[in-house]
Amino acid sequence: MLERIAGQRPQPRAATRALLKDPSGQPIDDAIVLWFPAPRSATGEDVAEFHIHGGRAVLQALIAAIGAVENLRAAEPGEFTRRAFENGKLDLTEAEGLDDLIHADTERQRRQALRQLKGLLGDKARDWRGQIIAASALVEAAIDFSDEGDVPDELIAPAKAKIEILLDEIEDVLAQEGRSERLRDGLVVAITGPPNVGKSTLMNQLARREVAIVSPHAGTTRDVIEVHLDLDGYPVTVIDTAGIREAIDPVEQEGVRRARSRAAEADLRLWLVDTQAAGDGEDELRAWIAEGQHGFWVVRNKLDEPEAVTPDLSASGWPCFSISAANGRGVPELIGALTRYAAAYFDEGSALITRARHRELLRQSADALGRAIDLPEAAELIAEELRLAAHRLGQLLGRVDVEDILDVIFREFCVGK
Ligand SMILES: Nc1nc2c(ncn2[C@@H]2O[C@H](COP(=O)(O)OP(=O)(O)OP(=O)(O)O)[C@@H](O)[C@H]2O)c(=O)[nH]1
Ligand SMILES: [K+]
Ligand SMILES: [Mg+2]
């Protein structure tokens, strides 16, 4: 294929200039080609790279020329990474790290993805799995002995001691409360409150563009609107929602229902109140609190209005901010507080778990180890639990039982990766 298009097969791994030609001999582009013979390539298979001038017509002509070569087809999304995985170049956690790296929007997400790609979780899981297998060997030996009569405690006890240390380590990693999983997806902050208090105006201030319609009509916003902010490297998704009230219009009713449910799921709610409005604007907030919902900041808006009254919000006891979404006063302070909140939330630490998949498998492995420790001297049962614990770590690494999940994971990848 290289000979046909580039007129030559370059030296392995040496960038080589070549005039690319289509099957009729017409030149396509003056380009660089690279040749990586297996197994020293990203996928572990033979790989050829064309570095071309990026125009659409150049690309199309080259793809047509490649397409004319027999037995060649375009790769599926994630197919290169999948082949790299299948050829043992990456474990599954590293492949997931690669996917995260490609999709990282903020600096902190990039660093976390790179940690994953470098195999920090994978290395740990391999080490744990090795230790479980070593403990299993002791238990298996105990089983062999017990065939000959008595069950030797001297074999089971050291195995259990090993497992206890291991279980502590896994529990430490699990105790990181899923914060690094959130760093992948971003922290969600909902702007909520009664109608017309200026929620959409604040949204536009935070987004620094007109993402939401602002109007003096109560009930303007109906759909949930999202913007993704990068606050000092921390990903934060802000959502603007319909004003909460007993709506008559069925469309607005649906908006209020979505507003309530999305705000309830958020990590933090900014409860906006109008310093102009009669009452303290907190009826719905109190109803929410009665339902046990927490994590609110009260934001008093429209401070620029001459008769601005600052209602007594002490009853709710939440952090309080005063702003004018119209002229921007107080908004930098609010953004500063949100940034500190995100920083405190995503305590980077040595967080290793970035996906629910990792958490579930580690949890199941830890549970099996816990059961193994609690079992009396029944060596066969202990061995069974250890097998299960090791198996779960094997699944984490993508070494066992993976066919069904591979499709799900690699489907998320982009074409060309
Ligand atoms: N004076 C003043 N007016 C504001 C301020 N913020 C918003 N407004 C006005 O208040 C009205 C309502 O603003 P919106 O941003 O649409 O309010 P909302 O809370 O999104 O309203 P709904 O989506 O209908 O619930 C508009 O006329 C805005 O111009 C402010 O800080 N000061
Ligand atoms: K409005
Ligand atoms: Mg609105």
Side-chain angles (χ1 to χ4, degrees), residues 187-229 236-289 291 293 295-313 316 318-338:
L187 201 62
V188 178
V189 176
I191 306 178
T192 182
N196 251 2
V197 292
K199 298 181 296 299
S200 300
T201 311
L202 174 61
M203 177 70 161
N204 293 342
Q205 279 278 357
L206 295 175
R208 296 211 189 87
R209 61 199 163 93
E210 303 291 309
V211 286
I213 300 173
V214 166
S215 94
H217 297 284
T220 302
T221 305
R222 272 108 192 263
D223 286 326
V224 176
I225 299 166
E226 289 192 13
V227 290
H228 301 282
L229 304 183
V236 174
T237 299
V238 179
I239 60 176
D240 177 27
T241 60
I244 295 195
R245 65 171 172 183
E246 291 295 328
I248 297 156
D249 177 325
V251 181
E252 190 183 346
Q253 270 173 11
E254 175 59 17
V256 173
R257 192 193 63 75
R258 291 180 189 197
R260 284 194 56 111
S261 95
R262 291 292 297 277
E265 289 165 8
D267 298 291
L268 175 68
R269 283 145 287 278
L270 303 184
W271 184 264
L272 241 68
V273 289
D274 185 339
T275 51
Q276 296 270 289
D280 64 5
E282 286 195 74
D283 290 348
E284 185 72 26
L285 175 57
R286 275 188 285 270
W288 242 331
I289 292 163
E291 288 167 22
Q293 178 89 58
F296 291 95
W297 289 359
V298 175
V299 181
R300 307 168 192 170
N301 188 29
K302 310 199 185 181
L303 270 196
D304 55 293
E305 290 284 332
E307 319 92 84
V309 284
T310 42
D312 177 18
L313 293 167
S316 64
W318 302 106
C320 236
F321 297 82
S322 294
I323 64 165
S324 164
N327 69 18
R329 206 178 109 202
V331 173
E333 288 77 3
L334 180 61
I335 292 175
L338 283 174

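The shown structure was predicted, so the numbers you read here are calculated from the model rather than taken from an experiment. As the structure lists them, so they are numbered: ligands from 1, and atoms in each ligand from 1.
- Counting heavy atoms closer than 4.0 Å to ligand 1, residue E305 contributes side-chain atoms (C-beta onward) but none from N, CA, C or O.
- Counting heavy atoms under 4.0 Å from ligand 1, residue H217 touches it through the backbone alone.
- When all heavy atoms are compared, the tightest approach of N196 to P216 is ND2-O, 2.8 Å.
- Atoms NZ and CD1, on K302 and I323 in that order, are 11.0 Å from each other to the nearest 0.5 Å.
- By the 6.0 Å contact criterion, CD on E291 is enclosed, its count of non-hydrogen atoms from other residues, nucleotides or ligands being greater than 12.
- The number of protein N/O/S atoms found under 2.8 Å from the Mg ion (ligand 3) is 2.
- Below 4.0 Å from some heavy atom of K199 lie the following atoms of ligand 1, by number and element: 15 (O), 17 (O), 18 (P), 19 (O), 20 (O), 21 (O), 22 (P), 25 (O).
- Distance check, rounded to the nearest 0.5 Å: CD of Q253 to CD1 of I248 gives 8.5 Å.
- In terms of protein heavy-atom proximity, atom 23 (O) of ligand 1 is nearest to T221 OG1, 2.8 Å.
- Looking at heavy atoms from C-beta onward, I191 lies in side-chain contact with V238 at the 4.5 angstrom threshold.
- In terms of heavy atoms, A325 sits closest to L202 at CB-N, 3.7 Å.
- What sits closest to atom 8 (N) of ligand 1 on the protein, heavy atoms only, is K302 CE, 3.6 Å.
- The structure places CD1 of I225 at 11.0 Å from CZ of R262, a figure rounded to the nearest 0.5 Å.
- In terms of protein heavy atoms, atom 30 (C) of ligand 1 is closest to A326 CB, 3.3 Å.
- When hydrogens are left out, the protein atom nearest atom 22 (P) of ligand 1 is N196 N, 3.6 Å; that is the closest non-hydrogen contact.
- Taken to the nearest 0.5 Å, the CG atom of N301 stands 11.0 Å off from the CZ atom of R329.
- A 4.5 Å side-chain heavy-atom check between P194 and R245 finds every atom pair outside the cut-off.
- Residue-level proximity to ligand 1 for D304 is carried by the side chain, the only part with a heavy atom below 4.0 angstrom.
- Under the 30°/60° scheme for interplanar angles, the aromatic rings of W271 and F296 are found to stand perpendicular.
- Nearest-heavy-atom check against atom 16 (O) of ligand 1 across S215, P195, G198 picks out S215.
- Looking at heavy atoms from C-beta onward, I335 lies out of side-chain contact with Q205 at the 4.5 angstrom threshold.
- The shortest N/O to N/O separation between V197 and ligand 1 falls below 3.5 Å.
- Distance check, rounded to the nearest 0.5 Å: CD of Q293 to CD of E265 gives 9.5 Å.
- Atom CZ of R257 and atom CD1 of I244 lie 12.5 Å apart (nearest 0.5 Å).
- Between A259 and A242 the shortest heavy-atom distance is CB-O, 3.5 Å.
- Looking at heavy atoms from C-beta onward, V299 lies in side-chain contact with L270 at the 4.5 angstrom threshold.
- Every atom of ligand 1 with a heavy atom of A218 under 4.0 Å away is listed here by number and element: 24 (O).
- Each of the following atoms of ligand 1 lies closer than 4.0 Å to a heavy atom of G219: 24 (O).
- Listed by chain and number, the protein atoms of type N/O/S under 3.4 Å from the K ion (ligand 2) are N196 OD1, S215 O, H217 O, T220 OG1; waters are omitted.
- Scanning all protein heavy atoms for the shortest distance to atom 15 (O) of ligand 1 gives T201 OG1, 2.5 Å.
- Considering backbone and side-chain N/O atoms, D240 never comes within less than 3.5 Å of an N/O atom of ligand 1.
- Of the protein's heavy atoms, V214 CG1, 3.7 Å lies nearest to atom 28 (C) of ligand 1.
- Residues T221 and K199 form no side-chain contact, since every pair of their non-hydrogen atoms from C-beta on lies 4.5 Å or further apart.
- At a 4.0 Å heavy-atom cut-off, ligand 1 does not touch A212 at all.
- For the pair M203/V211, a side-chain contact is recorded, criterion being any heavy-atom separation below 4.5 Å from C-beta on.
- Atoms of ligand 1 lying under 4.0 Å from any heavy atom of G243, numbered from 1 in the order shown and given with element: 25 (O).
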Residue pair L338, V189: steps toward the side-chain contact (heavy atoms from CB on, under 4.5 Å) verdict: CA-CA 9 Å; L338 283 174; V189 176; 4.2 Å; yes
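- Here the shortest heavy-atom pairing between L229 and A207 reads CD2-CA, 4.4 Å.
- Residue N301 touches ligand 1 through its side chain alone, judged by heavy-atom distances below 4.0 Å.
- Each of the atoms 27 (O) of ligand 1 lies under 4.0 Å from some heavy atom of P216.
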